[in-house]
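Notes for the one structure printed next.
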Amino acid sequence: MTQTSPERPVRVVLVDDHAMFRAGVRAELAASGAGVVEVVGEAADADAAIAVVREQQPQVVLLDVHLPGGGGVEVMRRQPSPDALYLALSVSDAAEDVIGTIRGGARGYVTKTITGPELVDAITRVAGGDAVFSPRLAGFVLDAFAGSIDVAAVDEDLDRLTEREREVMRLIARGYAYKEVAKELFISVKTVETHMSSVLRKLQLSSRHELTKWASDRRLL
Amino acid sequence: MSHPTPPAHPAAHAAARPTRPGASRRAYRDSSAPIAGGVAAGLARHLAVPVLWVRGFFVATAFLGGFGLMLYAGLWVFLPADQHFEVGAPGLESATRTGKRPGRRSRLRDAGPAIALGALFFGVVLGVEGIFGQGVLFWPVVLAVAGIGLLWRQADEAQRERWMDSSGRIDPFRAIFGNGGWAAYARIAAGLGLIVTALIVFAVAAGQATFAMPVLVAGLLGLLGLAIVVGPWALRLVNDLGAERAERVRTQERADMAAHLHDSVLQTLALIQKNANDATTVARLARSQERDLRQWLFEADTTDATTLAGALKEMAADVESQHPVVVDVVTVGDCDLDESLRPLVLAAREAVVNVAKHAGTQRADVYAETTGGAVDVFVRDRGAGFDLGGVAGDRHGVRNSIVDRMARHGGSADVRSAPGEGTEVRLHMPRTGRPESRHEPHPEPRNESHHESHDEETP
């Protein structure tokens, strides 16, 4: 994926309770993200993470979902930095973790099997303000909204995915990269990312009880 | 599981707890959405009617001489609270237990119960007034009822918190007082105090009347008070005993499973050590083991070839174990795998095998979407790709196994490919208008997991 590397490296804080994993990610980022990504701090639990983020004011926080002290959601909830963006990096891809974390405010969610270059790409993408959706994540989103839409057909369009957004999610779920989605739908990559952001917004802020009900029916919340 | 939101749909609800053979569907109090005791919410779920109807019913019948109130109180006593032992996947459970996942958020449930209890209390007072007149019994009864209400409420909360003891032991102290705290003690003390006061007031007020009758009534009231104090607790202990036994069985089952998995991981690691020089074997072993573990840890429902998603996942695992390719399966919606969908799975398998054999890539994406009318499956790779017109002659696999097979069974297949661009196989199979039969007893009840309820909402 071509990603224009910014002039200054993206400042990243690593939050994970396994020191070994932090060391691994740090090494991986140093290897494949030299000059693009810079790790400026590490933390092993929610409280330490909040302190480090407050002190370092990073652009991106790589956040484990399962974290002593209330999980990654707790870190985001306490908002240690107004500008930090959160990218969840978890071994779990259970639907309830993914949706819960995204609703908690993360801009992306990747699993720990991700390769170094992919992770660097995800970090720069999140730092640029975009949402990172893996095929699996897109599948969850589609599933979530599919459930709510058929029930809530009477609801106004506000919180539903537009046809275009569904189309974008569907393509991402099919394994298309953002660039390929843009090509397939004859829209620009920027537009794809705009759609992603609005999906994210709908997912987070949708207070439509139908979606809430849908999610709680499946114990996603 | 301390994620307390239970599935609000009866089918999903039944699916959430492991079904034992011969287990009957029973109603629970919904302790996640209680106004007074969660009886109405639980009943609504059990009967699959809107909760408003049930609440309306209780309110309406409350005017029939307090029948609704009595019914509610009775059901409160006899219905067990739900979600005592909801079990999630072990990885999630463990992360929850060790405080690594966000806990439950307190909701606006604090004012509701108080209001409801107040209303209940006044209802009872008015009822008593109506029956006995505003005579000598009024204030004792008022006090006694308030006391009973407090005690009952405390017993209910204590019961809810009883199992939260992280050490796993049942503490009789906790059983009565819950997590303790001044509120719990105050409630117990106030409840007891009110009942005693009621008895004293009654005795004093009735002092100058004939002697035998008040003593008899006081004695009866004392007995009643005792029964009410101890009753809910004893009853719930009995109720919970069964649940506890089930939990023990389940724990043993899990331990067995953990042991089994542990062995399998160790076996795999041993194999990897032996084959350390053979990169493809190591990768294959590691991949299959990772999938196994991830499945077990984070996904409650196992792959199971009786649903479309399960069959596709099984297919993917199967191909992965035979070919050096990673198959990523994403499914949206799900349905039972009936005969008409089997060709679809076989065609998808063929497409994935083609990726493994010909595309020269390590990765295939499978996406399946089930809607009310049709099932679409997409198999995509970013490999070599090919020119459809040019090499159609030697692609019997595509023609016979995918395109023709789909056509024979009423579906369609479309292969899009260009050299260097990878390949995408699109399979489309209309769903035959089989009536959704979710509420009827399923021939294989062990598999009533998420997809069933999901299916329902996308008819």
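Each chain gets a letter, A, B and so on, in the order its sequence line appears, and its residues count up from 1. No hydrogens, no waters, no symmetry mates; every other heavy atom, side chains included, goes into these values. Just so it is clear, the model here is predicted, and its values are computed rather than measured.
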Where A:Arg136 and B:Val329 come nearest, the two heavy atoms and their spacing: NH1-O, 3.6 Å

The interface call for A:Asp64 against chain B, heavy-atom contacts under 4.5 Å, is neither

Whatever's closer than 4.5 Å to a heavy atom in chain A on B:Arg287 counts as neither

Heavy-atom distance under 4.5 Å to chain A: side chain of B:Arg382, backbone, both or neither? side chain

Answer yes or no for B:Arg380 and A:Tyr176: cation-pi contact, defined as NZ/CZ to six-membered ring centre under 6.0 Å and angle to ring axis within 45°. yes

Rounded distance (nearest 0.5 Å) linking atom CZ of A:Arg166 with atom CD of B:Glu369: 6.5 Å

How about A:Leu142 and B:Tyr367: do any of their side-chain heavy atoms sit closer than 4.5 Å? yes

A:Arg174 side-chain N/O to B:Val379 backbone N/O, donor-acceptor pair under 3.5 Å: no

